[in-house]
Q: 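Provided herewith is a single structure, encoded as structure tokens, for subsequent inquiry.
Sequence lines set the chain letters: A, B, ... in the order given, protein chains first and strands last, and positions in each chain run from 1.
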Amino acid sequence: MFFGELLASSLRMAVPILLTALGAVFTERSGVVNIGLEGMMIVGSFWGALGAYYYGPYFGLLLAMAAGMFMALIHAINTVTFRVDQVVSGVAINILAYGSTRFLSLAIFNMATTSPHVSGLPKINIPVLSGIEFLKPLVTDVSPVIILALVLVPISSFVINRTVFGLRLRSVGENPLAADTLGINVFKMKYAGVLLSGILSGLSGAYLALEHTGMYVEGMTQGQGFIALAAMIFGNWEPKGVLWASLLFGFSEALSFRVVEGGVVPYQFVKMIPYVLTLLVLTGVVKKSTGPAASGVPYERGLK
Amino acid sequence: MKKGYYIILLRVLAPVLAIVLSALMSSIVILAIGKSPLQVFYTMFKFSLSRLDSVAIMLYNATPLIFSGLAVSIGFRMGLFNIGVEGQYLIGAFLAALAGFSIKGLPAVIHLPLVILCGALGGMLWSFIPIFLKVKRGVHEVISTIMLNYISYSLIHYLIADVFIDKSQKLIQGLGSILARTPKLSPSAMMPKLHGFLGLFGLQLPRHVYLNWLFPLGILTAALVYYLLMYTPFGFELRAVGQNREAARTAGIEPERVYVIGFLLSGALAGLVGLSDLLSYFGYMDMDFPRNYGFDGIAVALIAQNHPLGIIFSAILFGFLKRGAEGIQTLMGVPREMVSILQALMIMSIVVIAKLMNDYIKRLEKKEEMMVCSSENSSPPA
């Protein structure tokens with residue numbers, strides 16, 4: 001019973017990382033580094049709660065994705081059209097997200113750090129499986145977003161590896177000059193990759209606010225946008241790898257909650273676990289994995 | 001040469017343009033909440049600049065930003081991104097506080113420099129982890145420093161609330177437990193204010209202003225960093241690695257060595273960021289110790305285009321904005337986060353404008369080269 005609940009809670013914690021990391025795969029495969037994922041999650045959580053507060057959860061999710069996409073659009077204009085440093089632009093996105101949500105939260109809810117309570121999507125009970133005692137915590141009262149996130153893994157994998165769009169996306173990230181020579185619109189593909197990452201991060205933020213907590217709280221993303229980047233590297237830039245990496249991080253967070261309840265280790269150290277794990281994972285894995293060749297390099301026509 | 005001046009003018013113009021552009025863009029946000037942008041900016045100026053104590057507070061606000069801007073800029077100059085200034089200055093401030101409250105009976109002449117040194121050491125210590133991981137294991141410094149920021153928050157919380165908590169505090173009425181904060185620093189560890197010095201010039205600052213000697217020290221540090229970058233062999237190596245790592249390697253410079261030394265230097269400067277608040281205003285460290293100076297430093301460095309002397313001015317600009325933000329919040333009811341938005345827009349504007357200008361300058365130089373070539377070709381053989 002304990003184990004089943006631990007698994008269920010791992011899955012719930014893994015979903016925001018998974019969604020954002022899938023987004024990270026799209027943007028990095030197109031050759032654009034996106035440090036601003038954290039900020040896109042923040043706007044997702046705020047706009048998601050805002051939309052849900054006024055017009056219900058479905059509208060909240062849509063608004064969150066639109067807000068994430070808007071931030072991604074800014075990032076794309078900065079990095080693809082103007083070719084500025086991708087990390088700097090990402091940092092600016094994060095500051096903009098932090099400042100604008102606090103500003104709007106004060107202006108709209110009259111509170112800087114939280115929103116009123118909002119209700120999420122109706123929960124699903126998976127038939128047949130919920131009859132099995134061991135799996136019960138895992139398959140009852142499941143958020144539809146969790147199922148969506150899991151379904152998105154094979155879909156993303158298929159899109160990236162088996163479709164024309166995916167082939168073009170990858171070619172732009174590996175060798176933009178060659179792609180350009182073959183008549184692929186490099187800039188359009190990069191925009192597509194970045195915007196997809198914004199939509200998915202926005203959704204991930206909305207999941208945190210609507211499905212996980214039931215309200216927007218400032219700082220609720222807790223660096224998960226950055227952890228998602230680590231999950232992407234650990235997952236070797238592949239959706240399926242990203243799934244396992246996200247589950248690992250989700251498991252570590254779920255475990256840390258249990259340890260807090262136990263109370264043996266000071267809880268500040270328990271809070272560090274996901275971040276320390278991220279460092280360890282990167283230290284152990286980074287030399288073995290290789291990302292897209294042209295990732296992080298702005299593409300300029302007529303160079304070389 | 002005439003063209004040289006033109007290029008310098010363009011470089012100075014870039015930050016000015018960026019500031020104007022971001023002010024215009026943030027006007028949209030102000031309009032959206034139904035306030036007048038002109039009035040907001042006017043209030044900012046009037047609130048910050050019309051009184052002497054307000055100007056002094058502005059400079060006090062700028063003090064940590066000089067150090068954090070310098071720390072970030074050294075990273076940028078060698079092509080690395082130190083987002084970890086945030087964590088480095090918290091660890092630095094904690095070590096400084098530790099040296100401040102645990103050592104007693106030293107004269108201020110020895111104690112205060114020791115405390116500052118401990119701050120630098122703390123920052124250096126925390127910057128060693130990411131640069132070690134980068135050089136030895138290839139871990140990108142951006143992700144590792146961000147993770148270390150989160151780790152430092154928890155670590156500082158633990159140290160303040162569990163290990164070094166001040167047990168001598170009196171219980172405040174109505175509060176169940178004592179506050180999570182360190183013991184107070186010895187008076188010999190505190191940084192003197194600038195009031196006495198400025199009094200010599202007839203400038204009388206009120207007691208609620210905490211402008212202290214770390215401000216002139218910051219200016220001095222900026223000058224030292226400028227000298228180091230421009231006039232020493234190591235500064236040359238650092239800039240060479242930043243411009244083109246592989247070319248530098250071919251020229252016999254070992255980039256990894258430059259990375260390690262440069263990053264530790266950046267960390268040491270980061271360790272000084274929190275000292276102005278710690279050694280003049282707080283006198284102890286608690287959970288409300290100011291955050292976000294590390295991220296502000298990124299904006300400061302970028303607006304100054306990583307020029308150490310320019311950083312002094314851009315730090316003062318951000319000190320002004322912070323002071324002005326208090327003004328618009330209290331006088332006009334505009335949330336002070338307005339300034340965070342402005343700051344983000346400034347970062348974006350400056351990088352875009354600098355990029356466009358660099359492209360333009362490159363084209364100018366190319367054109368000049370071509371003109372030189374063609375004039376050589378067309379000149380009649382003698």
Side-chain angles (χ1 to χ4, degrees), chain A residues 33 35 38-39 74-75 77-79 81-85 87-108 112 222-223 225-227 229-230 233 266-287 296 298 300, chain B residues 26 29 32-34 76 81 83 129-130 132-133 136-140 142-144 146-163 292 295-296 298-299 302 329 333-356 359:
Chain A
V33 172
I35 292 284
E38 174 81 6
I74 300 177
H75 188 60
I77 292 173
N78 284 341
T79 55
T81 305
F82 290 113
R83 304 181 305 274
V84 305
D85 188 303
V87 176
V88 172
S89 169
V91 168
I93 295 279
N94 289 335
I95 297 176
L96 185 64
Y98 167 82
S100 64
T101 48
R102 235 184 121 95
F103 183 88
L104 290 171
S105 180
L106 269 173
I108 297 172
Q222 289 182 325
F226 303 117
I227 294 178
L229 282 176
I233 298 171
Y267 79 96
Q268 293 97 335
F269 285 93
V270 174
K271 265 180 82 177
M272 286 180 204
I273 292 176
Y275 313 115
V276 174
L277 181 71
T278 306
L279 274 183
L280 290 178
V281 160
L282 288 179
T283 310
V285 89
V286 87
K287 277 209 165 156
E300 227 163 311
Chain B
S26 51
V29 185
I33 59 162
F76 275 138
F81 200 153
I83 308 192
I129 307 169
F132 177 80
L133 290 179
K136 290 285 174 207
R137 305 290 310 179
V139 179
H140 199 292
V142 166
I143 298 186
S144 63
I146 289 171
M147 290 303 125
L148 283 164
N149 286 345
Y150 284 103
I151 295 172
S152 72
Y153 296 154
S154 294
L155 185 63
I156 291 291
H157 186 185
Y158 173 68
L159 291 171
I160 291 176
D162 285 27
V163 185
N292 283 338
F295 298 110
D296 296 345
I298 296 167
L302 287 171
Q329 177 153 316
V334 177
R336 70 169 75 190
E337 280 67 29
M338 176 65 231
V339 167
S340 296
I341 299 177
L342 189 65
Q343 188 174 329
L345 293 174
M346 263 188 202
I347 296 181
M348 290 180 194
S349 319
I350 187 70
V351 287
V352 168
I353 290 174
K355 175 84 189 164
L356 292 178
D359 288 356

Q: Passes side chain to side chain contact (heavy atoms under 4.5 Å, CB included), B/Met147 versus A/Val276? Steps please.
A: CA-CA 7 Å; B/Met147 290 303 125; A/Val276 174; over 6 Å; no
Q: Top residue by heavy-atom pair count (under 4.5 Å) with chain A, among B/Leu133, B/Ile347, B/Ile146?
A: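 The option with the most such pairs is B/Ile146.
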Q: Rounded to the nearest 0.5 Å, what separation is found between the CD1 atom of B/Ile341 and the CG atom of A/Leu104?
A: 6.5 Å
Q: Who wins among A/Ile74, A/Ile77, A/Thr278 for the most heavy-atom pairs under 4.5 Å with chain B?
A: A/Thr278
Q: Rounded to the nearest 0.5 Å, how far does CD1 of A/Ile95 lie from CE of B/Met348?
A: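 Those atoms lie 8.5 Å apart.
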Q: Considering non-hydrogen atoms only, spot the tightest contact between B/Val351 and A/Val88 and give its length.
A: CG1-CG1, 3.6 Å
Q: Using a cut-off of under 4.5 Å for heavy-atom pairs, which of B/Leu155, B/Leu342, B/Ile83 has the most such pairs with chain A?
A: B/Leu155
Q: May I ask you to decide if A/Pro266's main-chain N or O and B/Tyr158's side chain share a donor-acceptor pair within less than 3.5 Å?
A: no
Q: Looking at chain A, which one of B/Val334, B/Leu302, B/Leu345, B/Val352 has the largest number of heavy-atom pairs inside 4.5 Å, strictly under?
A: B/Val352
Q: In Å and rounded to the nearest 0.5 Å, what is the CZ to CG distance from B/Phe295 to A/Asn94?
A: 8.0 Å
Q: Write down the atom of A/Ala107, the atom of B/Ile33, and the distance for their closest heavy-atom approach.
A: CB-CG2, 4.0 Å
Q: At a heavy-atom separation under 4.5 Å, does A/Ile35 approach chain B through its side chain, its backbone, both, or neither?
A: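 Interface part for A/Ile35: side chain.
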Q: Would you compute the distance between atom CG of B/Asn292 and atom OH of A/Tyr98 and round it to the nearest 0.5 angstrom?
A: 5.0 Å
Q: Could you walk me through whether A/Leu229 and B/Val142 pass side chain to side chain contact (heavy atoms under 4.5 Å, CB included), step by step?
A: CA-CA 11 Å; A/Leu229 282 176; B/Val142 166; over 6 Å; no
Q: Calculate, to the nearest 0.5 Å, the distance between atoms CG and CZ belonging to B/Leu356 and A/Phe82 respectively.
A: 6.0 Å
Q: Ignoring hydrogens, what is the shortest heavy-atom contact between B/Ile143 and A/Ala230? Give both atom names and the distance.
A: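 That would be CD1-N, 4.4 Å.
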Q: State the CE-OG distance between A/Met272 and B/Ser154, to the nearest 0.5 angstrom.
A: 5.0 Å
Q: Select one option (side chain, backbone, both, neither) describing which atoms of B/Tyr153 are under 4.5 Å from chain A's heavy atoms.
A: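 When you check distances to chain A, no heavy atom of B/Tyr153 falls under 4.5 Å.
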Q: Please step through side chain to side chain contact (heavy atoms under 4.5 Å, CB included) for the pair A/Tyr275 and B/Asn149, ending with a clear verdict.
A: CA-CA 9 Å; A/Tyr275 313 115; B/Asn149 286 345; over 6 Å; no
Q: Scan B/Leu159, B/Asp162, B/Ile160, B/Ile151 and name whichever one has a side-chain contact (heavy atoms from CB on, under 4.5 Å) with A/Gln268.
A: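 Output: one option passes, namely B/Asp162.
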Q: Examine whether an atom of A/Leu96 lies under 4.5 Å from a heavy atom of chain B, and if so say whether it belongs to the side chain, the backbone or both; otherwise answer neither.
A: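 Contact with chain B is through both the backbone and side chain of A/Leu96.
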Q: Heavy-atom cut-off 4.5 Å, strictly under: side chain, backbone, both or neither for A/Gln222 against chain B?
A: backbone
Q: Taking side chain as everything from C-beta outward and backbone as N, CA, C, O, which of these in B/Ile129 sits under 4.5 Å from a heavy atom of chain A? Side chain, backbone, both or neither.
A: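 For B/Ile129, neither part sits under 4.5 Å from chain A.
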Q: Using a cut-off of 6.0 Å, state whether more than 12 heavy atoms not belonging to B/Phe81 lie near its atom CZ.
A: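 Yes, enclosed.
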Q: Once side-chain hydrogen bond (donor to acceptor under 3.5 Å, both in side chains) is applied, do any residues pair with B/Asp359, and if so which ones, sequence neighbours excluded?
A: A/Arg83
Q: Kindly state each residue pair satisfying side-chain hydrogen bond (donor to acceptor under 3.5 Å, both in side chains) with at least one member in residues 340-351 of chain B, sequence neighbours excluded.
A: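 Those involving residues 340-351 of chain B are B/Asp296-B/Gln343.
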